[in-house]
Each structure stands twice: as structure tokens, then as C-alpha cells.
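One-based numbering, in listed order, for ligands and for the atoms of each.
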Amino acid sequence: MANNYELVRPIGQGAFGKAFLAKARDGSARQCVVKEINLRKMSAREREASQKEVVLLSQMKHPNIVSFITSYQERGCLYIVMEYCDGGDLMKRIHIQKGQLFSEEQIMDWFVQICLGLKHIHDRKVLHRDIKAQNIFLAQGGLKVKLGDFGIARRLSSTLELARTCVGTPYYLSPEICNNKPYNNKTDVWSLGCVLYELCTLKHPFEACSLRQLVVCICRGRYAPVPAHYTSGLRQLIGQLFKVPPRERPSINSLLRLPVLESRIKLHLPTEILHEEFSHTVLHNQKPTGPRHPQRPAQVLHV
Ligand code: ADP
Ligand code: MG
């Protein structure tokens, strides 16, 4: 299996392994990304969870989700082969702006695509749990946006634990996770708010020198105002996503019904997929994707 892909160069280092740009050795020389996850550092249970997540990933097929190609194991590592997004991640894209604000058109165009990817996941009763600018990728010269890196970062028992151990500051934590309360799909909606805020201000909404202070900032839900350069509609939308009680935050399906987003959907989804995606809100009859990890119930949405 490994022989089928030639690793060209490393393109990213995350908390759980390395990502490489690779080329398929099938004659097509198709570019792809091979993500290496070290299983040796994991417990048996964590390893099993990683395997399950690969299955999950392989079942998500959507224009706004990084597509899965295959996976294999070798010398104690799990390798996930996926589509290469030539525009890199949204965090890098924000950095190269060097303070120059994006247009509202550009922001909404990206945002609706992120929402469509997230809808696909939430409708399947799965949570992403790691929505952040670094896990959102640009393709086709920045025209297309794809959600990536989901489910893989699940080797720690709780997201707060993950936050404590990860490199850098966990800017995207929701208030309920900070308070160690049970969480649901609205946690992803909070993180979505962080991404939207960053697209508008090029800054994190909640920042502090320590985790403890960050938690205080997040739980207050107060952030520096979004530049008046943007419409009040966009600023209000951010306010909705940053509602501290999860119940008051919109679901992904109600977000997509906002005229400003709804009008853009058809620009990004071919008619056939659009019909399929919107003929339901939650897939009740969807077969579960294998036995879920009993200690991670929050991963599956209870509707
Ligand atoms: P981790 O779990 O280690 O965070 P990611 O899948 O987020 O793994 O990959 C780490 C980094 O590698 C990303 O932030 C991005 O810069 C790069 N990367 C990963 N997957 C892709 C991809 N499909 N296309 C382009 N860049 C990618
Ligand atoms: Mg990542």
C-alpha cells in the first residue's frame, strides 16, 4: 500500500502526526496528502477509536469535505490518504493578508461552504469537534473550501484534556466545554463563530495569556467588536454564534436558512447534491457507522 504513494514533502505538523504532500504511483501522478498518525503512542482503546474514525471519514462524501482516498497501516503508524487542497489551510490564508481585511463577499462565500460541509456531518449525527481555521482547506485557487481533519484528533478522552495537551492555545473551545458540561452540535457552531470572526478581523475572538484566563474570556462571551467595514447583518450573525448558552445558538440547518446564506447555496452545490442534502435535515434511518466508542457518547448527536 505504502508503495503506491511517493511522499514528496511535509506540509503540516499537527498535534497527532505529520501530513505529507504525496504523489500516486499509479501512472496518474495525482497529488494527494498522506497523513501519518503514530499508533504506538496510543492505548489499545485509542487505537481502536482511530480506526473507527477512519471508517467515519471514508463515509463522508461532500464537495465541502476533504475527500478520503484510502488508508493503510505500516510500522506502527496509521496512514490516511486524502485529497490535496492546493490553497493550504485557512489559517495560513488569514496570515498572508497581513492585516488587509477580506471583502464581505469573499467571507460569505467561504462561510457558506464551511456551513454546507458541517451540515453534511451534523445531519449524520456526527460532531466535528475540531473546527478551526487550520482544519479548513482551500482548493481551486481559493474558490472552494473544504472541512478536514475531523475525528482523528480523538485519542484523548475529553476535548478539554485535548486542549490542555495540545500545542498552542485552544482558542476555539466553547463555554460548555470550558465548564466541562455535556456538549452537542452547538459546540461546533461556537467554533464556526470563531472562524467567521477570524475571517472578519484576522484575529482570534478570545485571547489570553493563560488557559485559565482564556476560559474566563470564553465563558463571558465578550469579544472586541467586528470592524464597521462589515454589514450589521454579518455582525449580528457573529453575535448569534457566540451566544453563551448552547440552546440560544442556531443549528447549522437554521443558519443555512438565513437569506444571506441560502442565496449562495446553489452556487456551491450541483443540483443533484443540493437536492440530496436538503431533502432531509437529519438522517433518521442512517445505519450507525459501526459500534461507537462507549465512552464518547457526545460525539453522536442526540436529536
Ligand atoms: P492534525 O491532526 O495533525 O492537525 P491536519 O489534517 O489538520 O492534522 O494536518 C495538519 C496540517 O497539514 C494542516 O493544518 C494543513 O496545513 C496541512 N494539510 C493537512 N491536510 C491537508 C490537505 N488535504 N490539503 C492541504 N493541506 C493539508
Ligand atoms: Mg489539524
CA sep, side-chain torsions, deciding dist, call: Glu207, Tyr223, side-chain hydrogen bond (donor to acceptor under 3.5 Å, both in side chains): CA-CA 9 Å; Glu207 266 183 315; Tyr223 51 89; over 6 Å; no

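Every atom of ligand 1 with a heavy atom of Gly12 under 4.0 Å away is listed here by number and element: 11 (C), 12 (O). Here is the list of ligand 1 atoms found below 4.0 Å of a heavy atom in Asn135: 7 (O). Listed by number with element, the atoms of ligand 1 under 4.0 angstrom from any heavy atom of Ala19 are 12 (O), 19 (C).
Asp86 contributes a side-chain N or O that, together with a main-chain N or O of Gln140, makes up a donor-acceptor pair within less than 3.5 Å. Although no hydrogens or angles enter the test, the distance criterion places no donor-acceptor pair under 3.5 Å between the side chain of Thr187 and the main chain of Tyr183. Of the possible polar contacts, none joining the Asn179 side chain to the Lys181 backbone as a donor-acceptor pair under 3.5 Å is found. A donor-acceptor pair under 3.5 Å is absent between the side-chain atoms of His275 and the main chain of Pro270, judged by distance alone.
For the pair Tyr84 and ligand 1, the shortest N or O to N or O distance does not fall below 3.5 Å. Considering backbone and side-chain N/O atoms, Gln13 never comes within less than 3.5 Å of an N/O atom of ligand 1.
Other residues, nucleotides and ligands contribute more than 12 heavy atoms inside 6.0 Å of the NE2 atom of His229.
At a 4.0 Å heavy-atom cut-off, ligand 1 touches Cys85 through backbone and side chain alike. Within the 4.0 Å heavy-atom criterion, the part of Lys35 lying near ligand 1 is the side chain and not the backbone.
Residues satisfying the side-chain hydrogen bond (donor to acceptor under 3.5 Å, both in side chains) test with Gln134, not counting sequence neighbours, are none.
Aromatic pair Phe242/Phe206: centroids less than 6.0 angstrom apart.
Restricting Asp149 to its N/O/S atoms, the shortest distance to the Mg ion (ligand 2) is reached by OD2.
Backbone or side-chain N, O or S atoms of Asp89 do not reach the Mg ion (ligand 2) at under 2.8 Å. Distance check for Gln134 against the Mg ion (ligand 2): none of its N/O/S atoms falls below 2.8 Å.
Distances from ligand 1 to the non-hydrogen atoms of Lys92 include at least one value under 4.0 Å.
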